[in-house]
Number of protein chains: 2
Amino acid sequence: MSMERKWKDQLYHEFARIGKCLSSPKRLELLDLLSQGPKSVDQLVKITGMSVANVSQHLQTLHESRLVRSHRQGNFVIYEVAGLSVADFMVSLHRLSEKQLVEVQKLKTELLQNHISMEPIGLEELLKRMERGEVVLLDVRPQDEYETGHIPGAISIPMEDLEKHLASLPTDKEIVAYCRGPYCLTSAQAIEILKNKGIKASRLEEGVIEWKRYMEHSGVNKQ
Amino acid sequence: MSMERKWKDQLYHEFARIGKCLSSPKRLELLDLLSQGPKSVDQLVKITGMSVANVSQHLQTLHESRLVRSHRQGNFVIYEVAGLSVADFMVSLHRLSEKQLVEVQKLKTELLQNHISMEPIGLEELLKRMERGEVVLLDVRPQDEYETGHIPGAISIPMEDLEKHLASLPTDKEIVAYCRGPYCLTSAQAIEILKNKGIKASRLEEGVIEWKRYMEHSGVNKQ
DNA sequence: TAACTATTCAATAAATCAATTGAATAGTTG
DNA sequence: CAACTATTCAATTGATTTATTGAATAGTTA
């Protein structure tokens, strides 16, 4: 076998290592969660409903391909994505999947039909209306994820605290809620609660990572 | 199992379909080749050295995940990537791999050390120097890939014709050669030939896809 | 140091996948 | 229509991978 062939085989073998990480649904879900902020194995178990050993093993796999890293903190081992480029890459994967796979599109519209009459708002319009002070942006993810990073101007009320804190919301402005991104239902649930209370609210599909991406590219062409 | 859990499982199952496509080195190589332009199964066989049935099967897999599409043309079935976003995604994958995996970095420098004294030139500098008319940009990929798309201003001399057409190259300017991208060795071989003839030449690491990406983002921040 | 907890390891069975081979098919050209 | 070619299908083997389980380990707190 030629020198070049051997070199290419090695190279593509390495690329495929990353690919293999992305071939398990559970691992993708873990990566998405970690993209929102560092989490202990225990937290991941509680969120996903997977077994501890299972989560740990998947994290191991991700670690071998350098997509996540970990450190101990008291009793917990905290995992996090190994760099922003990982979180960003996940968005690329979502985009591609949604573009190419009709099935993903179907699953998404299916969801939106269940949460009927929930018109989503786009990033561009949101930012404009926030500037004019017309809307309040609400981050309904857990506190720690908000602290890891949030869209500027957003206030944090974790989903589980929402009903308690309803009073603290301004009543004269429209509410826009967001969560982990297009495939997280938390914000949809929040909207439902708000609407039931007679508060005008709409859902921002994008999350923090998508927002960052948008800000980086929007100067030239808004894709 | 909750409604939401089921929905997420389905969704991530779909994402993983794309992931599975990326878990085989051979498939990644095929995707990279198709990113440069449409090709028949036969062509792919000749380039990669894989068996016909093997190539066909991989293409099948890619087709099922809607990453490629095909049409018949005379005796041949021509495959192509299903949209620019696929080619673009491949670049994302390369970037991520190179950033996270030391092994990829190692393989790359290893290569450059073999082709010693070959200083690469960056896109930014290239474009500047082309504007000033200081360099000639040379596309050494096969003719049809050049025709599918090339960096503006580049002239096409496929690698196999290079020695024949040496005379037609200007002697007063520096030559910059590029090929399919960072992981294609064709341009490196071209440089070697040129240098042996006493022609000053350097290698552009980026290919057409990388160039496109650069142009889209460079207005705001050059990453 | 002992008890406790979170995490990891090891082993298993079931399922899936990669690579190969040879045969079958579909389409084209003379 | 016949011969030809490119492409695809089908079946096999060997290798990996997933999801599980229960046990072992490492680290922390009292």
Side-chain angles (χ1 to χ4, degrees), chain A residues 1 5-6 8-10 12-31 33-34 38-65 67-80, chain B residues 1 5-6 8-10 12-31 33-34 38-65 67-80:
Chain A
M1 192 163 24
R5 194 59 265 161
K6 226 182 240 167
K8 278 205 176 158
D9 281 351
Q10 283 184 289
Y12 278 98
H13 176 78
E14 293 299 327
F15 292 150
R17 272 177 63 189
I18 304 278
K20 279 195 219 303
C21 281
L22 310 174
S23 67
S24 150
K26 301 291 182 187
R27 269 201 295 272
L28 290 176
E29 193 172 348
L30 291 175
L31 270 181
L33 286 169
L34 290 178
K39 285 184 182 49
S40 69
V41 176
D42 182 61
Q43 276 180 292
L44 291 169
V45 166
K46 276 171 190 141
I47 299 176
T48 61
M50 302 164 63
S51 81
V52 183
N54 216 346
V55 169
S56 181
Q57 183 174 306
H58 280 306
L59 289 172
Q60 204 79 358
T61 308
L62 291 171
H63 184 81
E64 272 163 27
S65 299
L67 294 182
V68 304
R69 56 179 167 230
S70 65
H71 66 274
R72 178 168 276 266
Q73 198 174 88
N75 254 335
F76 300 88
V77 172
I78 311 288
Y79 278 85
E80 62 187 337
Chain B
M1 190 161 32
R5 192 60 267 162
K6 225 182 240 167
K8 278 206 176 157
D9 282 350
Q10 284 184 290
Y12 278 98
H13 175 79
E14 292 299 328
F15 291 150
R17 271 177 65 188
I18 304 277
K20 279 196 220 298
C21 281
L22 310 173
S23 67
S24 149
K26 301 290 182 188
R27 271 200 295 270
L28 291 176
E29 193 172 347
L30 291 175
L31 271 180
L33 286 168
L34 290 177
K39 284 181 182 51
S40 70
V41 177
D42 182 61
Q43 275 180 295
L44 291 169
V45 166
K46 278 173 187 139
I47 300 177
T48 62
M50 300 164 65
S51 81
V52 184
N54 216 346
V55 169
S56 180
Q57 183 173 306
H58 280 306
L59 289 172
Q60 204 81 356
T61 309
L62 291 171
H63 184 80
E64 272 162 27
S65 299
L67 294 183
V68 303
R69 57 179 168 231
S70 64
H71 65 273
R72 177 169 277 269
Q73 197 174 85
N75 255 334
F76 299 87
V77 172
I78 311 287
Y79 278 86
E80 63 187 335

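Note: hydrogens, waters and symmetry copies are ignored here, and every other heavy atom, side chains too, is used. In the text below, chain A, chain B and the rest are named by the order of the sequence lines, each starting its count at 1. All values reported here derive from a predicted model rather than from experimental measurement.
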Margin query: Mind checking if A:N54 touches a base, just sugar-phosphate, or nothing, with heavy atoms under 4.0 Å?
Written below: base
Next item on the list: Check whether any side-chain N or O of A:T48 sits under 3.5 Å from a backbone N or O of A:L44 as a donor-acceptor pair, and report yes or no.
Entry: yes
Item checked: Atom pair distance, as rounded to whole Å: CD in B:E64 and P in D:dT8 -> 13 Å
Notebook entry, point to check: Nearest-Å distance, CZ (A:F76) to P (C:dC4)?
Noted result: 17 Å
Check: C:dT7, C:dG27, C:dA18: which one has an atom nearest the side-chain heavy atoms of B:N75?
Finding: C:dG27
Item checked: Check: A:S23 side chain, A:K20 main-chain N or O, donor-acceptor pair, under 3.5 Å -> yes
Notebook entry, point to check: When we call it a touch if two heavy atoms are under 4.0 Å apart, what does A:S56 touch: a base, just sugar-phosphate, or nothing?
Noted result: base
Check: How close or far is atom P of D:dA6 from atom NZ of B:K46, stated in whole angstroms?
Finding: 7 Å
Margin query: What's the separation between atom CG in B:L31 and atom CG in B:L62, rounded to the nearest 0.5 Å?
Written below: 4.5 Å
Notebook entry, point to check: Hey, are the side chains of B:L28 and A:H13 touching, using non-hydrogen atoms and a 4.5 Å cut-off?
Noted result: no
Next item on the list: Ignoring the backbone of A:V41, work out which of D:dT8, C:dT8, D:dA19 is nearest its side chain.
Entry: C:dT8
Notebook entry, point to check: What integer distance in Å separates B:Y79:OH from D:dT7:C1'?
Noted result: 8 Å
Next item on the list: Remember a base hit wins even if backbone is also touched, and classify A:Q60 as base, sugar-phosphate or nothing at under 4.0 Å, heavy atoms.
Entry: sugar-phosphate
Next item on the list: Would you mind telling me which of D:dA19, C:dT7, D:dT8 lies closest to the side-chain atoms of A:R72?
Entry: C:dT7
Notebook entry, point to check: Mapping A:V77 and A:Q57 onto DNA chain C by nearest heavy atom, which one lands closer to the 5' end?
Noted result: A:V77
Check: A:D42 CG to D:dT28 C1': how many Å, rounded?
Finding: 15 Å
Next item on the list: Can you tell me the distance, in whole Å, between the NZ atom of B:K20 and the P atom of C:dA15?
Entry: 15 Å
Next item on the list: Return the value, rounded to whole Å, for the distance between atom NE2 of B:H13 and atom P of C:dA15.
Entry: 15 Å
